[in-house]
Amino acid sequence: MSKSRKTKPVRNKQLARQKARAQRELENLLRSAPPFAPYQEWITLPRKGQGFSEYPFTPEQAAVIGQEAQDFLNRVMRLSPIYGGDMPMAALHLDMQITAGELLMAVTGEPDRVRPMPVAQLVENLSDQEFLDQLRAEHPEVGLSEEATELSPETCAAKIHELHARGYLVLDDNHVVNLAVPPTSPGGRWLLNGHVTTA
């Protein structure tokens, strides 16, 4: 048997394990929501609506509800697949920061400090192999890819949401983005920037 035939089943098993782990992490965010206001309200998109990237407004509906409501519903439709159909309001607040081009990031080890992080800088950092290697060494539990690839702003935005959906980014009561380690069991405590949550 050739080497390629041996490695294909192994690769398929690795992908299946990664997919199962990601699904467990999505369920963990839903079962053990972080103890902050942006996670007290959740939006559930019906299964039949999950195949759309935009809300299918008729011209009459669009004229009645206005642009702000259309933007809100389109944002929900676009983000829903990343969050498995159930998303906290935190996802919308995070997306608004991404769209504005800057994340409000908590400083690790200094709970009261916040610094703006331009999304363009994050795109550049995550496309850099040395930066990615350092990030993988510091946070092996996240399962980041081994090889850096040049990211577009859209791909970077999706990756930020994936990390949030898996519980590795959390928005606090002030919508500040924190690096996080989710609890290992339902009802456990979240670790944010090296500090255990008190709630």
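All heavy atoms count here, side chains included; hydrogens, waters and symmetry mates do not. Residue numbers run from 1 in the order of the sequence given.
- For the atom pair CD of E102 and CZ of R115, the computed distance is 11.0 Å after rounding to the nearest 0.5 Å.
- Every residue two or more places apart in sequence or in another chain that forms a side chain to side chain contact (heavy atoms under 4.5 Å, CB included) with Q67 is listed here: Q70, D71.
- Annotation for V76 and M87: closest pair O-CE, 3.3 Å, computed over non-hydrogen atoms.
- Rounded to the nearest 0.5 Å, atoms NZ (K159) and CD1 (I82) are 10.5 Å apart.
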Side-chain polar contacts of residues 36-43 - donor-acceptor pairs under 3.5 angstrom, sequence neighbours left out - could you list them?
unit_1: Y39; atom_1: OH; unit_2: H164; atom_2: NE2; d: 2.7
unit_1: Y39; atom_1: OH; unit_2: L171; atom_2: N; d: 2.9
unit_1: W42; atom_1: NE1; unit_2: Y39; atom_2: O; d: 2.8

Residues L169, L103; criterion side-chain contact (heavy atoms from CB on, under 4.5 Å); working and verdict: CA-CA 11 Å; L169 295 175; L103 297 180; 5.9 Å; no
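- In terms of heavy atoms, A157 sits closest to I98 at CB-CG2, 3.7 Å.
- When every heavy atom of A180 is checked against every heavy atom of G167, the shortest pair comes out as CB-O, 3.5 Å.
- Shown are I160, V176, V119, V177; of these, the side chain to side chain contact (heavy atoms under 4.5 Å, CB included) with Q97 is made only by V177.
- Rounding to the nearest 0.5 Å gives a distance of 10.5 Å between SG of C156 and CD of Q121.
- A chain of hydrophobic side-chain contacts below 4.5 Å, direct or via other Ile, Leu, Val, Met, Phe, Trp or Tyr residues, connects F72 to M77.
- Taking 4.5 Å as the limit, some side-chain heavy atom of H161 sits within range of a side-chain heavy atom of Y83.
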side-chain contact (heavy atoms from CB on, under 4.5 Å) assessment of L104 paired with H175: CA-CA 8 Å; L104 198 57; H175 302 169; over 6 Å; no
